[in-house]
Engineer: 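First the structure, which I've put down as structure tokens, then a few questions once you've had a look.
Protein chains get the first letters and strands the later ones, always in sequence-line order, with residue 1 at the start of each.
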Amino acid sequence: MYNVVDDVRREIQSGIIAGLARSGILEVLGDFSDRDIPVEYTREKAHGDFATPIALILAGKVKKKPRDVAETIVGNMDIEKDKTRYIQHVEIAGPGFINFFLGREWLEDVLKVILKSGAQYGRSDMGHGRKILLEFVSANPTGPMNVVNARAAAVGASLANILEASGHDVSTEYYINDAGGQINVLGASCELRYLELKGEDVEFPEWGYQGAYIVDIARLAMDKHSKKLEAMDAEKRGEFFRDFALSCMLEEQKASLARFGVEFDVWFSERKLVDAGAVQEVIEILTQRGMVYEADGALWLRTTEFGDEKDRVVVKSDGDYTYLAGDIAYHRNKLERGFDLLINIWGPDHHGHVIPTRAGLEALGYPGSSLEVLLLQFLSLMSRGERVKMSKRAGEFVTMDELIDEVGKDAARYFLLMRNIESHLEFDLSLAKEHSQANPVYYIQYAHARISSIFRQAEGRGINLSDTGGIDFSNLTEEIELDIIRKLASYPDEVAMSAIERAPNRLAGYALDLAGLFHSFYNSHRVINEDPDLTVARLGLSEAVRTVLANVLGLLGISAPHEM
RNA sequence: GCGCCCGUAGCUCAGUGGAUUAGAGCGUCUGACUACGGAUCAGAAGGCCGCAGGUUCGAAUCCUGCCGGGCGCGCCA
């Protein structure tokens, strides 16, 4: 998608290149192109609209003082000759920054582009259609979704949107861990609760899952399949409960995620992978490649060849595969499906697993860079100033559903996204419940709803904004108006940076900033006023703000209401 | 012991090479509509950016060491 800042950046870069070429510096630099010239937004207006520190960067290489380099470059730039649309004036400042002052045309162009692009504004083809598989949540199907899963869901879903908006071909996937021993524990727990419900004298073991949801599943089984169960022998009944409990849990997880607005392209079953012999196949390939050896009755993978601190067991001495073996097979399967890059969102407790898994892929001949793991830090829940304890075994946790019930989907998603993924997140439930109106998400949504309200007012007064192409934006002269446009101009860069840094929290902050600017503008200036031209221009500005707010909220997975 | 993450305002956190004033929200204090939605706005107070060195024209940001917190370090998943 076309965006004005890209044009400005190119103008500045080609101007600098021209200056470097005419001054003879370019020859000395060797491999150097316009892409090596950083163009930055300025923090202060006295520094112009954009600036480049290129003279400071090159000073060392050409062995001259930064300011002299800047003088030389600027002295050899000719804005008239180099024919630029936006640059009006160039200055050298501070230690050697080259500051660019643009005419107000660029700001007017920004608004025109936004109104023309609408929902497309902010999108780019930066990713060049790179195929990415983003796997996240992948919770064990042994309990309801909890708040940690909710954070992964919010971040993963948003990241998928952001990567897609920046030109990547993204597929989202949920890995169902339905082949491990914990499924047997789940089944057995439900079975024992079932026997209890029938009045049999059983002692519920410590290794069983204690949560009330286990009893719910047992009761459901009794209500629905009572006769069938009576006819089963112990072995059949065990199998039944394993499958029944698993499917109940999966349905519940899917329902919770759907309520949270998170959908996956693919639900991938570990058991099917194992049944299809994929793990066996991987072991065979690794054996052929000489990457494994036997010791102590087990089969070991030479992960130390790929930077691991010790080799890892892939086949246990009892003949079972380890979790690592299954995971290597799964990730090989992903790559075999034609993805260029695998991105996983894991909890910090899995960080020790990153290197072995990547080593497994390298042992199979894939590049280590094909697997990228984002370690999402935990969150702690606070309630009335005290930490809420969460333990699956003890059946104490706050579920995703409870979170949605208490603070709402939009607020929950915003709160879970607003922090850097590498930071611990403290989520105060009682505060979110009691003061939910102070949530930033309401502040942002209110700006959006407020603009819609302005348009309802305008329509009521017979003002129509159907022909946005003909708006004369030169009527916008207030400082706050220009500040808003600058903020709007930076939006495509913000999306691109969020994608590159895998940082949805950047956009959460951007949305808050933009909403704040608009609220400030609204309180100090009338959009609908006595001057028809100014009114139309401000309506155009408001529409641009509404468009960008809607776009950014969309990427975050939060609704943009027209009224609240 | 080793590895990863974190340490910034009373609290929760942005900022992760750029410009002699380090930002936001909450909390505290003072103000603002008989006009487009007061879920708003204007302003004030509040900082050895954990500590100490180093690299750089320039460090909250990069490197080293130390201190404090979290999480890992299994033939569990």
Side-chain angles (χ1 to χ4, degrees), chain A residues 38 40 42-44 46-47 51-53 55-57 59-60 65-67 93-97 99 140 142 177 179-183 185 270 295-300 309-310 312-327 347-355 375-378 380 382 385 415 418-428 431 435-447 449-458 460-461 463 501 505-506 508-509 512-513 515-516 518-529 535 538-539 542 563-564:
Chain A
E40 300 167 347
T42 55
R43 264 173 57 192
E44 287 178 51
H47 298 146
T52 176
L56 299 167
I57 294 167
K65 286 182 181 171
R67 260 200 97 98
F97 288 99
N99 295 337
N140 275 338
T142 53
N177 294 279
Q182 79 278 7
I183 296 301
V185 175
E270 178 185 11
D296 305 326
L299 196 68
W300 297 71
E309 57 190 12
K310 60 183 178 188
R312 309 283 171 173
V313 171
V314 283
V315 182
K316 295 186 267 181
S317 49
D318 65 4
D320 283 351
Y321 303 118
T322 60
Y323 179 78
L324 175 63
D327 238 18
D349 51 337
H350 282 66
H351 94 262
H353 201 59
V354 176
I355 287 176
L375 295 175
L376 182 67
Q377 293 296 317
F378 287 141
S380 42
M382 304 295 284
F415 266 79
M418 65 196 287
R419 302 300 178 218
N420 187 320
I421 64 169
E422 291 177 341
S423 295
H424 292 259
L425 182 116
E426 190 161 300
F427 201 126
D428 193 324
L431 193 74
H435 304 284
S436 64
Q437 295 186 343
N439 283 352
V441 68
Y442 287 93
Y443 182 85
I444 298 162
Q445 289 180 318
Y446 184 52
R450 180 173 245 177
I451 294 168
S452 292
S453 173
I454 295 171
F455 275 89
R456 286 192 292 271
Q457 282 285 332
R461 300 184 195 191
I463 304 166
E501 295 177 2
N505 64 297
R506 274 189 84 108
L512 195 63
D513 288 348
F518 187 80
H519 284 310
S520 177
F521 162 68
Y522 177 89
N523 274 276
S524 54
H525 300 85
R526 300 269 313 166
V527 174
I528 299 168
N529 57 74
T535 297
R538 284 184 176 165
L539 282 171
S542 301
E563 51 189 32
M564 296 171 71

Engineer: As a test of reading the structure: which of rG3(B), rC13(B), rA77(B) is closest to the side chain of Q182(A), going by heavy atoms?
Structural biologist: rA77(B)
Engineer: Report the distance from atom CZ of R450(A) to atom P of rA39(B), rounded to the nearest whole Å.
Structural biologist: 8 Å
Engineer: Measure CD/E44(A) against C1'/rA22(B) and give the value in whole Å, please.
Structural biologist: 13 Å
Engineer: Would R450(A) count as a cation-pi partner of F518(A), with NZ or CZ less than 6.0 Å from the six-membered ring centre and within 45° of the ring normal?
Structural biologist: no
Engineer: As a test of reading the structure: which of rU12(B), rC57(B), rA77(B) is closest to the side chain of P95(A), going by heavy atoms?
Structural biologist: rC57(B)
Engineer: Please report the distance, rounded to the nearest Å, between CG in N523(A) and C1' in rG38(B).
Structural biologist: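 About 8 Å, once rounded to whole Å.
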Engineer: Classify A51(A) by what it touches in the nucleic acid, base, sugar-phosphate, or nothing, heavy-atom distance under 4.0 Å.
Structural biologist: base
Engineer: Whole angstrom is fine here: how far is it from CG in L512(A) over to P in rG25(B)?
Structural biologist: 7 Å
Engineer: Quick one: does S317(A) reach the base of rC75(B) with a side-chain donor-acceptor pair under 3.5 Å?
Structural biologist: yes
Engineer: Within the structure, does a side-chain N or O atom of R456(A) lie under 4.0 Å from either OP1 or OP2 of rG37(B)?
Structural biologist: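 It does not, given that no N or O in the side chain of R456(A) lies less than 4.0 Å from OP1 or OP2 of rG37(B).
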Engineer: Return the set of residues passing ring pair (Phe, Tyr, Trp, His ring centres under 6.0 Å) with Y446(A) (not counting sequence neighbours), or none when no residue passes.
Structural biologist: H519(A)
Engineer: Side chain of E40(A) only, please: which of rG72(B), rG18(B), rC73(B) is the nearest?
Structural biologist: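 So the side chain of E40(A) is nearest to rG18(B).
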Engineer: Side chain of Q457(A) only, please: which of rG37(B), rC73(B), rU40(B) is the nearest?
Structural biologist: rG37(B)
Engineer: Would you check if H47(A) stacks with the base of rA19(B), given a 5.5 Å centroid limit and a 30° plane limit, both strict?
Structural biologist: yes
Engineer: For S520(A) and N505(A), find the nucleotide of RNA chain B closest to each by heavy atoms; which residue's nucleotide sits nearer the 5' end?
Structural biologist: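 By nearest-heavy-atom nucleotide position, the 5'-most residue is N505(A).
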Engineer: Heavy atoms only, 4.0 Å cut-off, all strands: where does Q445(A) land among base, sugar-phosphate and nothing?
Structural biologist: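 It contacts nothing in the nucleic acid.
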Engineer: Quick one: does H353(A) reach the base of rG72(B) with a side-chain donor-acceptor pair under 3.5 Å?
Structural biologist: no
Engineer: RNA chain B: H519(A) or N420(A), which has the more 5' nearest nucleotide?
Structural biologist: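 The answer here is N420(A).
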Engineer: Counting only side-chain N and O atoms of K310(A), is one of them less than 4.0 Å from OP1 or OP2 of rC73(B)?
Structural biologist: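 For K310(A), the contact criterion (side-chain N or O under 4.0 Å from OP1 or OP2 of rC73(B)) is not met.
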Engineer: Which nucleotide, rG37(B), rA77(B), rC71(B), lies nearest any side-chain atom of Y323(A)?
Structural biologist: rA77(B)
Engineer: Which part of the nucleic acid, if any, lies within reach of R43(A) when heavy atoms closer than 4.0 Å are counted: base, sugar-phosphate only, or nothing?
Structural biologist: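 Sugar-phosphate contact only - R43(A) comes under 4.0 Å of backbone atoms but never of a base.
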Engineer: What distance do L376(A) atom CG and L425(A) atom CG have between them, rounded to the nearest 0.5 Å?
Structural biologist: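 Separation between the atoms: 9.0 Å.
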Engineer: So if I take every side-chain heavy atom of E426(A) and compare against rG37(B), rU12(B), rU40(B), which nucleotide ends up nearest?
Structural biologist: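 Among rG37(B), rU12(B), rU40(B), the one nearest the side chain of E426(A) is rU12(B).
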Engineer: Report yes if at least one side-chain N or O of S423(A) is closer than 4.0 Å to OP1 or OP2 of rA14(B); otherwise report no.
Structural biologist: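 The answer is yes; a side-chain N or O of S423(A) sits under 4.0 Å from OP1 or OP2.
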Engineer: Stems in RNA chain B: runs of 3 or more consecutive Watson-Crick or G-U pairs, distances under 3.5 Å?
Structural biologist: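 Listed by first number, the stems are B:1-7 with B:67-73, B:10-13 with B:23-26, B:28-32 with B:40-44, B:50-54 with B:62-66.
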Engineer: Think Y443(A) has a side-chain N or O under 4.0 angstrom from the OP1 or OP2 of rG37(B)?
Structural biologist: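 Looking at the OP1 and OP2 atoms of rG37(B), neither is under 4.0 Å from any side-chain N or O of Y443(A).
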Engineer: Looking for any heavy atom pair under 4.0 Å, which part of the strands does S453(A) touch: base, sugar-phosphate only, or nothing?
Structural biologist: base
Engineer: Counting heavy atoms from C-beta on, name the nucleotide in rC36(B), rG72(B), rC5(B) closest to the side chain of Q377(A).
Structural biologist: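 Looking only at side-chain atoms, Q377(A) lies closest to rC5(B).
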Engineer: Taking rA9(B) as the reference, what is the distance to rC26(B) when you measure between their C1' atoms (whole Å, please)?
Structural biologist: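 These two C1' atoms come out 12 Å apart once rounded.
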Engineer: Between rC5(B) atom P and L375(A) atom CG, what is the distance in whole Å?
Structural biologist: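 So the CG-P distance, L375(A) to rC5(B), works out to 9 Å.
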Engineer: Under the 5.5 Å and 30° test, is Y522(A) stacked on the base of rC36(B)?
Structural biologist: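 Per 5.5 Å and 30° rule: yes, stacked.
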Engineer: Please work out if D349(A) contacts a base, only the sugar-phosphate, or nothing of the nucleic acid, heavy-atom cut-off 4.0 Å.
Structural biologist: sugar-phosphate
Engineer: Starting at CG of L56(A) and ending at P of rC57(B), how long is that distance when rounded to a whole Å?
Structural biologist: 11 Å
Engineer: Classify the nucleic acid contact of P66(A) as base, sugar-phosphate or nothing, counting any heavy atom under 4.0 Å across all strands shown.
Structural biologist: nothing
Engineer: When we call it a touch if two heavy atoms are under 4.0 Å apart, what does A59(A) touch: a base, just sugar-phosphate, or nothing?
Structural biologist: nothing
Engineer: Compare the aromatic ring of F97(A) with the six-membered base ring of rA19(B) and state whether they stack according to the 5.5 Å and 30° rule.
Structural biologist: yes
Engineer: In terms of side-chain heavy atoms of R419(A), which of rG18(B), rC13(B), rA77(B) is nearest?
Structural biologist: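 It is rC13(B).
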Engineer: Choosing from rC75(B), rA19(B), rA39(B), which nucleotide comes nearest the side chain of A93(A)?
Structural biologist: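 Looking only at side-chain atoms, A93(A) lies closest to rA19(B).
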Engineer: Rounded to whole angstrom units, what separation is found between the CD atom of E501(A) and the P atom of rU16(B)?
Structural biologist: 7 Å
